[in-house]
Amino acid sequence: MSEERESLNFLEHIIENDLKTGYEKNQLRFRFPPEPNGYLHIGHASSICLNFGLGLKYNAPVNLRFDDTNPIKEEQEYVDAIKRDVQWLGFEWDTERYASDYFQQLYDWAVVLIKNGKAYVDSQTSEEMADQKGTPTEPGTESPYRSRSVEENLELFEGMKEGKFAEGTHVLRAKIDMAAQNMLMRDPLMYRILHRTHHRTDTDWCIYPMYDWAHGQSDYVEQVTHSLCTLEFLPHRELYDWFLDQIYDPGKIRPKQREFARRNLSHTVVSKRKLLQLVESGVVKGWDDPRMPTISGLRRRGYTPESIRNFADTIGIAKRENLIDVSLLEFHVRDHLNKIAPRVMGVLNPLKLVITNYPKGSEEWLDAENNPEDPSAGFRKVPFSGELYIEQDDFREEANRKFFRLKLGGEVRLKNGYIIKAESCTKDTEGNIIEVQCTYDPKSKSGSGTEESLRKVKGTLHWVSMKHAIEAEIRLYDRLFTDESPDTHKDKDFMDFINPESLKTITGYLEPSLKDAKVGDRVQFQRLGYFCVDPDSNSEKLVFNRTVGLRDTWAKILRKD
RNA sequence: UGGCCCAUGGUGUAAUUGGCAACACAGCUGGUUUUGGUCCAGUCGUUCUAGGUUCGAGUCCUAGUGGGCCAACCA
């Protein structure tokens, strides 16, 4: 047995340390806190895997908490989509929570702050307050309303809550320090007036807490021990702690905010605003377009939850800037699909192949192994006949020794079938090859055990019988952007890097066993890649998405030459 | 022109906390193979710079360089 020490990421080190110096293991608690204002993407997946992964590792509960403090942007539709995505990834939350569950508690605590002289109602415009904020190098100036009496503040705040004031007329601010180095400590807003309908509290409230006032207190209510967020919230930590100081009961768990660097994936964007722009501009067909880095897009593309979890585990977590190559994500989906996807044959760029010595009009059904990686997957039958389709790329009139495929006078095996030899080909008036004529060796049938069947030939081609083939729409996807980091160029917009060839739709010819394929089924088209059945399929027509191509050594050789 | 955070092979992340810099991916070479897939073996390549502390520094200190973040009634 290996005695290798398990390597920990920096957050696990923090937790281990906390376990040594204070917390009991059974006190640990985490949370994943999405705002329900958009769809989850691969970056969220990483955060989900981090938080729920820690929950699994330490056998600690993880809450799913919706950070729903802004009724202008948040909708039930997003709540539903987020829950579906987290579940699909394979995680179970302990309890489903909402920041809006705590609106009353938050209000009560705000009253405490006012009574303690730690918060006040400001009645200036947002422009005036912005002017007084100062800059990172100059201190701000205090609001003329900063010294209102506790009684007046209480009355105004209650009035705000009762809906007596119009939006924008008053806010509640924490009274901290207008000269603080940290801009967030310069009397940050705690509440604003919003006469809006909230997806859960309806019209119960016309004041809504700001993120900083809601998040840490929600962690505290839930007794979350480690509140993990991305690096841009680092300056918020001081405020997070200040707010907790105002309400903290020493007998309870005091949550800690810790920050990690968000994972950036190459050749894509993940900001909700930019994703929305892709949808609204029609570059993609929707949030779940298979080219989108959303979880719903990846799901539709054919990614498995396992592959995404493995990806997240592999890339780890740290505090430095990063750009993870999308090929690593592709590696993980291939790795998983290789183990589970049944093999089938399909031809995407058909070239007619005629076997001149095959008995006219006859056919036979050959045995084909479903998955060499999984013997228990068994075998199926595929029909063979004298007229087949092969890939155009698999035939050349002449070629050098590196070309393992079919060339005139050369031999090749048809997968699960016979060894054939190309004798001649036919061209159209423009010189394009439109048909290949060949002969086959009847004794070379796969699996027959004959001497001829055991002959080694250099290449093996996939094929389908023309007569038995079923047609399907095949959607071939490529990266959405031509640049590895499209939204980091100062002089160019990310939309300038849209890959015009991110989607190619063609007709493919598939073996008939695919007739009963169901939406979501994942298969490997042998020698081509992994494909899955798209929800656009119906009883008339099958639609396949290419999840990812197979590793292609031949393409690499071609590139080098 | 203030403060804070970060810096390890091409990419991402580790390094038993100051003790022989490693793992995955990518690359390259070869082998197996009825998928130019998978699998197997091998190989290339790393601590931003300059000082300092120390028997010993990727790790600690100082300075520099480079990158990121900070002035929404967003989260």
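Order of the sequence lines fixes the chain letters, A, B, ..., with proteins taken first and strands second; residue numbering starts at 1 for each chain. We use all heavy atoms of the structure for the numbers below, so side chains are in, but hydrogens, waters and symmetry mates are not. If you're wondering where the values come from, they're calculated on a predicted model, not measured in any experiment.
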Ignoring hydrogens and angles, does a donor from either the side chain of [X] or the base of [N] sit under 3.5 Å from an acceptor on the other?
| X | N | value |
| --- | --- | --- |
| A/R551 | B/U38 | no |
| A/R405 | B/G36 | yes |
| A/E321 | B/G66 | no |
| A/H236 | B/A75 | yes |
| A/T460 | B/U35 | no |
| A/R527 | B/U35 | no |
| A/Q524 | B/U35 | yes |

Think A/K445 has a side-chain N or O under 4.0 angstrom from the OP1 or OP2 of B/U34?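 Answer is no, no contact under 4.0 Å.
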Between B/A22 and B/U59 - C1' atom distance, rounded Å: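 Result for the C1' pair: 15 Å, nearest Å.
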Base, sugar-phosphate, or nothing: which does A/N9 touch, judged by heavy atoms less than 4.0 Å apart?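 A/N9: backbone/sugar contact only, no base atoms under 4.0 Å.
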A/G447 near the nucleic acid: base, sugar-phosphate alone, or nothing, with a heavy-atom cut-off under 4.0 Å? base
Between A/L414 and A/K319, the residue closer to the 5' end of RNA chain B by nearest nucleotide is A/K319
Whole angstrom is fine here: how far is it from NE2 in A/H332 over to C1' in B/G12?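 Checked: the NE2 to C1' distance equals 10 Å.
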Ring-plane angle category for A/Y211 and A/F233, please: parallel below 30°, perpendicular beyond 60°, tilted otherwise. tilted
